[in-house]
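What follows is a short report on a single structure.
Below, chain A is the first sequence line, B the second, and so on; all start at residue 1. Computed from a predicted structure; not experimentally measured.
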Amino acid sequence: MHLEKKDMEKKFVDELRWRGMIQDIMPGTEELLNKQMVAGYIGFDPTADSLGIGNMVPVMLLLHFQQAGHKPIALVGGATGMVGDPSGKSAERNLLDEATLNHNVACQKKQLEKFLDFNCGPNSAEIVNNYDWFKGFSFLEFIRDVGKHISINYMMAKDSVKNRMENGMSFTEFSYQLVQGYDFYHLWKNKNIQLQMGGSDQWGNIVTGTELIRRKSGGEAFALTTPLIKKADGTKFGKTESGNIWLDKAKTSPYKFYQFWLNASDEDTKTYIRIFTLFTKEEIESLETAHAAAPHLRTLQKALAKDITIRVHSEADFNAAVEASEILFGKGTAEGLQKLSEEDFLSVFEGVEQFAVSGQEVEAGINIVELITEKTKIFPSKGEARKMIQGGGVSVNKTKVENAEMSVNAEQLINNKYMLVQKGKKNYYVIKVG
RNA sequence: GGGGAGAUACCAGAGUGGCCAAAUGGGACAGACUGUAAAUCUGUUGUUUCGACUUCGAAGGUUCGAAUCCUUCUCUCCCCA
């Protein structure tokens, strides 16, 4: 099987190189990719029922891969997810039960379908699930056919294993690299997939695959990894105070999603815009020039946030997020807020966390601390709420709460129904009274 | 099977009879400054009706008084065979 590569104008490796998306690449990989159409895959770990933005890196990788005329395959790890990847983990993982796993695989599959083209001729994308070839594979068969080819010494030399020798690691996790390695072998043998990609933490696992292919069949396969994204301040990418940033709107509203990108630091944005958007090199450089000339306009962050919000969600979601942001962070004042119509108010705060409180409770006036702790879950304890108020960190309807004894009543409601509570500068909560 | 080490707040990690709601560092949150950025500085980080109350793996015990001493239990790690 040897297919003609259909679109040669964009060279995959060159493209990744200037975007800073290459950590390691196996010798010969680039030559192969420039010569012919190649099928390549990336594995996704079904630990949650939605992909997070961290997973957007491999998604973008597959997208570039397809745009360069190659055939992208996304592998969802129905089988590997049952074992647990030790890479990058310092402790033994908890295993998910089968039902959860199936659910997660199905959800991730649906999300992946949004980004790749599954109907464009020979290089159409595909999704495979490694559970399909592992479900009928018995333990004895596996250790005879696969385990026999790879030595323990080889497996133990891997960083993912070495790092865990101190704290211990189960046989299950130890065998993970073999299971993943076999995926590569299986795909290489049955689907002519010659390349596996992934994050740099996957290098060891990927190489076990190419090694297995070489020893078992004398075949050749290739590998390419991306650097792990780190924020300039060294903290983990893709997380905020309130947790992971997910692609699923039900888990992370488009508003929050948009805000996440908008809030990225200048330094990080330069990295992100190369990785997460499809802007060309020239476009990015001109955006950077514009940004440097007037940093307070945050040209880069806006371009990044817009592009990715539209691609992950939709244009309408993006517009709503911008509108909400304008009102919350623009010249929005207490008066401006009062003037909002009910529909506008609701659409603006669609993605903001909401709480309901009954009418009578507010009618006569209610203490602010009680309102934000007991009636709603904005603060976990009264002590904390008081301290925050004393530190000037709480506002109601854009007006700072001066002391903890203050009470609020029906007169302060917006449209006689809503109240906007702010914890710090960026965390908004809507209280609906009625 | 034998020997050893250990379990303290979100994490790391001091504390080995009262001065301990528990050092220090990190993280997190907030304030100031800004550009909804970064850096910096400051504050907070068990609950509370501010009188207290419940915390140091679990349960008991000794004591006027326990994270600290004793007993049992649970769990974790390391080394040897």
Open item on the list: At 4.0 Å (heavy atoms only), tell me whether A:T269 reaches a base, stays on the sugar-phosphate, or touches nothing.
Closed with: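 Result for A:T269 = nothing.
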Only pairs with both distances under 3.5 Å count, Watson-Crick or wobble alike; so what is the partner of [N] in this structure?
N	value
B:A14	none
B:A30	B:U42
B:U76	B:A5

TODO: Give a yes or no on whether the ring-centroid distance for A:F257 and A:H313 is below 6.0 angstrom.
DONE: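 Judged by ring-centre distance (under 6.0 Å), A:F257 and A:H313 do meet the cut-off.
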Rounded distance in Å between the [atom1] positions of [N] and [M]:
N	M	atom1	answer
B:U68	B:A21	C1'	16 Å
B:U71	B:U62	P	15 Å
B:G46	B:C56	P	15 Å

Task: Whether A:F276 and A:Y272 hold their rings parallel, tilted or perpendicular, with breakpoints at 30° and 60° - done: perpendicular
Task: Interatomic distance, A:R386 CZ vs B:C50 P [rounded to whole Å] - done: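 About 8 Å, once rounded to whole Å.
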TODO: Grab the CD-P distance between A:Q301 and B:G35 for me, whole Å please.
DONE: 13 Å
Open item on the list: Under a 4.0 Å threshold between the charged nitrogen and the carboxylate oxygen, would A:E211 count as salt-bridged to A:R214?
Closed with: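 Yes.
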Task: Basic-acidic side-chain contact under 4.0 Å: A:R311, A:D307 - done: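 Answer for the salt bridge query: yes.
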TODO: Could you please name the option among B:U36, B:U45, B:G31 that lies closest to any side-chain atom of A:K387?
DONE: B:U45
